[in-house]
Amino acid sequence: MKRRDFCVSALAAGAAATLPVRHLFATDGVVDLPAVTSTGEAITLEGAAVTELADSLRGALLLSGEPGYDHSRAVWNGMIDKHPALIARCEGAADVSQAMTFARERNLLIAVRGGGHSISGKSVCEGGIMLDLSNMNSVRIDRDSKMARADGGSLEGHIDHEAALLGMATTGGIVSHTGAGGLTLGGGFGRLCRNYGMACDNLIGADIVTVDGKLRHVSDAEEPELMWALRGGGSNFGVVTALEFQLHEQNPMVIAGDINFAWKDARDALMFYAEHGADMPDELNLNVILVTVPDVGRVVSFEAVWSGDPAKVDSVLAPLRNVATPIADTVTAVPYTNFQKRLDNSNHHGVRLYMKSGMVNHFSEDLVREVLEVHRESPIYAIFFMQSGGAVNRRAPDDTAFPHRSAHSNMMVWYQWAGMETDDERAARISSVRSDWDRLKKYTHGYYVNLNDEDAAGTHANYGKNYPRLVRVKNQYDPGNLMHLNANIEPTRS
Ligand SMILES: Cc1cc2nc3c(=O)[nH]c(=O)nc-3n(C[C@H](O)[C@H](O)[C@H](O)COP(=O)(O)OP(=O)(O)OC[C@H]3O[C@@H](n4cnc5c(N)ncnc54)[C@H](O)[C@@H]3O)c2cc1C
């Protein structure tokens with residue numbers, strides 16, 4: 001039957017307008033839709049079944065051509081351009097369950113969108129169903145138990161904002177519009193991770209809709225193996241509709257800013273980081289970027305965040321400031337929640353980015369030399385080190401599914417640009433990152449699943465000894481591998 005574009009819902013128009021339009025559709029005749037299964041075969045979705053799904057949801061069900069469809073399918077990385085057959089804008093766990101059941105019964109390809117920041121575009125799909133959680137973003141703080149309960153589509157900034165009201169915080173990412181769901185399920189580095197551990201270490205419970213459509217609450221006491229897997233095993237086990245985080249009392253003011261060194265001092269600055277990065281106090285977070293600044297040239301910039309006793313900051317930062325004379329030093333007292341938004345604009349939705357990354361366990365002199373050479377010789381945009389250590393490394397590798405507990409930092413090489421590029425330009429940029437990475441990869445031990453896109457063998461090796469346990473959990477909760485747009489844990493197929 002011929003595909004016709006029409007309104008299944010009133011889309012962003014709100015609930016009052018949604019129901020009558022959906023009712024109209026139900027009496028409007030059957031329109032079949034071409035779609036794709038989880039294993040890539042073409043199928044047809046019967047219009048009557050699509051109607052039934054639309055009627056079963058509180059949120060909108062969007063088809064191509066409708067207002068809101070393009071907005072929902074546009075994820076953070078502007079290079080990703082995929083067209084789901086259906087987008088369910090879920091308003092709660094019941095919608096997630098309905099959409100999941102619809103997908104499972106047809107073996108339909110599923111993508112789940114939290115914040116949409118998967119760099120390789122794992123939260124949108126071509127021809128399947130996208131479960132868009134962005135309307136599910138309410139956060140509630142329980143003061144007594146120091147717990148934040150955040151809906152599955154909440155952004156990092158939502159949690160920072162609500163927790164700060166009560167003088168609390170937990171580890172969250174360094175760009176406030178990143179999704180808490182994707183970030184936490186894969187691990188979760190941030191400016192407080194050396195104090196409090198990864199975001200996933202602070203995940204104390206979750207609501208999850210598994211592929212059987214069931215809503216489960218998990219914690220260390222309820223379905224503990226699934227809880228263990230959610231702390232780093234990604235979106236392999238279902239759709240998390242609420243995340244429960246441990247909060248910590250935190251001074252809402254931090255002392256933070258950039259300490260920049262000229263390129264001539266780059267080696268000394270990086271050697272300081274190499275030698276002392278692992279022994280710094282937990283309350284100091286130092287991320288480092290090598291980047292070219294217009295009118296200045298190449299610089300090494302340390303983003304310093306001191307979340308401890310303000311009286312101690314000068315003595316803590318003195319050794320870094322003494323490496324050489326900084327060409328800029330903007331460190332000052334600032335509200336933590338403001339600082340968490342400082343990179344939001346430079347990483348706005350729609351920028352285009354290609355990245356390679358890996359965990360650096362031993363920050364050697366050879367790495368420093370080669371990083372400087374690569375940056376000098378290559379057109380790449382940036383080399384970035386996100387600091388690990390502290391509380392992150394005081395956990396054993398098998399305490400959680402997230403296995404990287406010996407890393408000094410997470411090294412990333414990327415090319416980022418705004419606006420359309422030609423095919424040749426895109427290929428050249430991707431190729432420059434790849435060839436730079438070929439030189440740097442030997443200094444890494446595994447990678448962060450939230451940033452890299454690897455094949456099954458790569459994923460297996462990356463999770464190391466945790467992989468067999470993850471497979472057991474996968475076999476129990478998603479034996480058909482419906483949830484596979486992620487760093488995929490392959491179930492053992494019988
Ligand atoms: C600008 C930017 C800044 C970043 N900063 C940091 C940082 O500071 N620290 C850090 O550790 N990482 C950071 N990352 C990486 C980030 O952790 C990943 O991109 C992560 O996947 C983003 O989650 P999301 O929900 O926004 O992404 P999405 O693209 O929506 O989802 C990513 C994956 O998680 C799944 N998923 C999302 N929500 C759910 C859910 N509720 N239930 C089940 N599955 C879900 C999706 O299906 C997909 O597989 C950053 C990325 C970007 C682009």
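Whatever order the structure lists them in is the order used to number ligands and atoms, beginning at 1.
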Chemist: Does D399 pair with R394 as a salt bridge, N-O distance under 4.0 Å?
Modeler: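 Answer for the salt bridge query: no.
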Chemist: Between OG1 of T330 and CG of D258, what distance do you get to the nearest 0.5 Å?
Modeler: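 Here the rounded value is 4.5 Å.
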Chemist: Show which atoms of ligand 1 fall inside a sub-4.0 Å distance from at least one heavy-atom site of L133.
Modeler: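 Listed by number with element, the hits are 40 (C), 41 (N).
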Chemist: Does an N or O anywhere in G190 fall below 3.5 Å from an N or O of ligand 1?
Modeler: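 By distance alone, the answer is no.
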Chemist: For G115 and ligand 1, does the shortest N/O to N/O distance drop below 3.5 Å?
Modeler: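 Yes, G115 has an N/O under 3.5 Å of an N/O on ligand 1.
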Chemist: May I ask you to identify the nearest protein heavy atom to atom 44 (N) of ligand 1, giving residue, atom name and distance to one decimal place in Å?
Modeler: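 Looking at atom 44 (N) of ligand 1, the protein heavy atom closest to it is S235 CB, 3.0 Å.
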Chemist: Establish, from distance only, whether the side-chain atoms of Y196 and Q250 form a donor-acceptor pair under 3.5 Å.
Modeler: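 Yes, side-chain donor-acceptor contact under 3.5 Å.
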Chemist: Looking only at distances, please establish whether an N/O atom of ligand 1 is found under 3.5 Å from an N/O atom of G114.
Modeler: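 Yes, since at least one N or O of G114 sits under 3.5 Å from an N or O of ligand 1.
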Chemist: Regarding T337 and D160, do their side chains bring together a donor and an acceptor under 3.5 Å, going by distance alone?
Modeler: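 Distance-only check fails for T337 and D160.
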Chemist: Counting heavy atoms only, which part of N77 comes closer than 4.0 Å to ligand 1: side chain, backbone, both or neither?
Modeler: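 Answer for N77: neither.
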Chemist: Does the residue V75 have a heavy-atom contact with ligand 1, meaning some pair of atoms that are separated by less than 4.0 Å?
Modeler: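 Outside the 4.0 Å threshold, so no.
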Chemist: For a quick check under 3.5 Å, do H217 and E244 share a side-chain donor-acceptor pair by atom type?
Modeler: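 Side chains of H217 and E244: pair found under 3.5 Å.
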Chemist: Just going by heavy-atom distances, which of F237, Y448, W76 is nearest to atom 11 (O) of ligand 1?
Modeler: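 The residue whose heavy atom sits nearest atom 11 (O) of ligand 1 is Y448.
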Chemist: Are side-chain heavy atoms of V139 and D151 found at a separation under 4.5 Å?
Modeler: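 V139 does not reach D151 side chain to side chain.
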Chemist: Evaluating non-hydrogen atoms only, which member of G182, A180, G116 is closest to atom 34 (O) of ligand 1?
Modeler: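 Among G182, A180, G116, the closest heavy atom to atom 34 (O) of ligand 1 belongs to G182.
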Chemist: Is E454 close to N462 at the side-chain level, that is, under 4.5 Å between some pair of heavy atoms?
Modeler: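 A side-chain contact under 4.5 Å is absent here.
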Chemist: Can you check whether G157's main-chain N or O pairs, donor with acceptor, with E162's side chain at less than 3.5 Å?
Modeler: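 No; zero donor-acceptor contacts below 3.5 Å.
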Chemist: Would you check whether T178 has a nitrogen or oxygen atom less than 3.5 angstrom from a nitrogen or oxygen atom of ligand 1?
Modeler: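 Among all N and O atoms of T178, none is under 3.5 Å from an N or O of ligand 1.
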Chemist: Let's go through Y443 and H362 carefully: what are the C-alpha distance in whole Å and the side-chain angles of both, what is the deciding distance for ring-ring contact (aromatic ring centres under 6.0 Å, His included) to 0.1 Å, and is it a yes or a no?
Modeler: CA-CA 8 Å; Y443 300 103; H362 178 50; 9.5 Å; no
Chemist: Go through ligand 1 atom by atom and flag the ones less than 4.0 Å from a non-hydrogen atom of G238.
Modeler: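 In order of numbering, the contacting atoms are 43 (C).
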Chemist: With a cut-off of 4.0 Å, which atoms of ligand 1 are near a heavy atom of I174?
Modeler: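 Per the distance check, 7 (C), 8 (O).
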Chemist: Is it true that R429 and E421 make a salt bridge, defined as a side-chain N closer than 4.0 Å to a carboxylate O?
Modeler: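 Salt bridge: no.
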Chemist: If you count the atoms of ligand 1 from 1 in the order shown, which ones are under 4.0 Å from a heavy atom of L485?
Modeler: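 Here the atoms of ligand 1 in question are 49 (O).
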Chemist: Would you check the N or O atoms of K122, main chain and side chain alike, for any that come under 3.5 Å of an N or O of ligand 1?
Modeler: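 In fact, backbone or side chain, K122 has no N or O that close.
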Chemist: Provide, to 0.1 Å, the distance between atom 41 (N) of ligand 1 and the closest protein heavy atom, together with that atom's residue and name.
Modeler: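 Heavy-atom neighbour on the protein nearest atom 41 (N) of ligand 1: V240 O, 2.9 Å.
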Chemist: For ligand 1, which atoms have a heavy atom of L451 less than 4.0 angstrom away?
Modeler: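 Counting from 1, the qualifying ligand atoms are 15 (C).
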Chemist: Centres of the Y69 and H71 rings: under 6.0 Å?
Modeler: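 No: the rings miss the under 6.0 Å criterion.
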Chemist: So, H349 versus H117, ring centres under 6.0 angstrom or not?
Modeler: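 Centroid distance H349-H117: below 6.0 Å, so yes.
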Chemist: Quick check: S118 and ligand 1, any N/O pair under 3.5 Å apart?
Modeler: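 S118 vs ligand 1: N/O contact under 3.5 Å present.
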Chemist: To check your reading of the model: name the closest protein heavy atom to atom 47 (O) of ligand 1, its residue, and the distance in Å.
Modeler: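 Ranking protein heavy atoms by distance from atom 47 (O) of ligand 1, first comes V112 O, 2.8 Å.
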Chemist: What atoms of ligand 1 come closer than 4.0 angstrom to any heavy atom of V239?
Modeler: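 Reading through ligand 1 atom by atom, the close ones are 42 (N), 43 (C).
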Chemist: In terms of atom number and element, which parts of ligand 1 are under 4.0 angstrom from non-hydrogen atoms of S123?
Modeler: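 That gives atoms 28 (P), 29 (O), 30 (O), 31 (O) of ligand 1.
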Chemist: Looking only at protein heavy atoms, which one is nearest to atom 9 (N) of ligand 1, and how far off is it?
Modeler: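 For atom 9 (N) of ligand 1, the nearest protein heavy atom is F189 O, 2.9 Å.
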Chemist: Relative to the heavy atoms of G188, which atoms of ligand 1 are at a distance of less than 4.0 Å?
Modeler: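 Numbered from 1, ligand 1 contributes 11 (O).
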Chemist: Taking side chain as C-beta onward, heavy atoms only, is I430 less than 4.5 Å from Y415?
Modeler: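 No - every pair of side-chain heavy atoms lies 4.5 Å or more apart.
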Chemist: Does ligand 1 come near enough to G173 that some N or O of the ligand is less than 3.5 Å from an N or O of the residue?
Modeler: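 No; the residue has no nitrogen or oxygen that sits under 3.5 Å from a nitrogen or oxygen of the ligand.
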Chemist: For atom 17 (O) of ligand 1, find the nearest protein heavy atom and state the residue, atom name and distance (0.1 Å precision).
Modeler: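 In this structure, atom 17 (O) of ligand 1 has N450 ND2, 3.0 Å as its nearest protein heavy atom.
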Chemist: Can you find an N/O atom of L185 closer than 3.5 Å to an N/O atom of ligand 1?
Modeler: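 No, L185 has no N/O under 3.5 Å of an N/O on ligand 1.
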Chemist: Do W414 and F384 make the cut of ring centroids closer than 6.0 angstrom?
Modeler: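 Distance test on ring centres: under 6.0 Å, yes.
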Chemist: Considering heavy atoms of the protein only, find what lies nearest to atom 26 (O) of ligand 1 and give residue, atom and distance to 0.1 Å.
Modeler: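 Looking at atom 26 (O) of ligand 1, the protein heavy atom closest to it is G179 N, 2.8 Å.
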Chemist: Relative to atom 6 (C) of ligand 1, which among V175, L183, I110 owns the nearest non-hydrogen atom?
Modeler: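 Answer by nearest heavy atom: L183.
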Chemist: Would you say the side chains of D207 and T241 form a donor-acceptor pair under 3.5 Å?
Modeler: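 The criterion, which ignores hydrogens and geometry beyond distance, is not satisfied for T241 and D207.
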Chemist: Considering only heavy atoms, does M386 approach ligand 1 within less than 4.0 Å through its side chain, its backbone, both, or neither?
Modeler: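 For M386, the contact with ligand 1 is made by the side chain alone.
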Chemist: Counting C-beta onward and ignoring hydrogens, is there a side-chain heavy-atom pair between L53 and L86 closer than 4.5 Å?
Modeler: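 A side-chain contact exists here, since the closest heavy-atom pair is under 4.5 Å.
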Chemist: If only side-chain N and O atoms count, and only distance matters, is there a donor-acceptor pair under 3.5 Å linking N347 with H177?
Modeler: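 There is no such pair between these side chains.
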Chemist: Kindly identify the option in R113, M483, H117 whose heavy atom sits closest to atom 51 (C) of ligand 1.
Modeler: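 Going through R113, M483, H117 one by one, H117 has the nearest heavy atom to atom 51 (C) of ligand 1.
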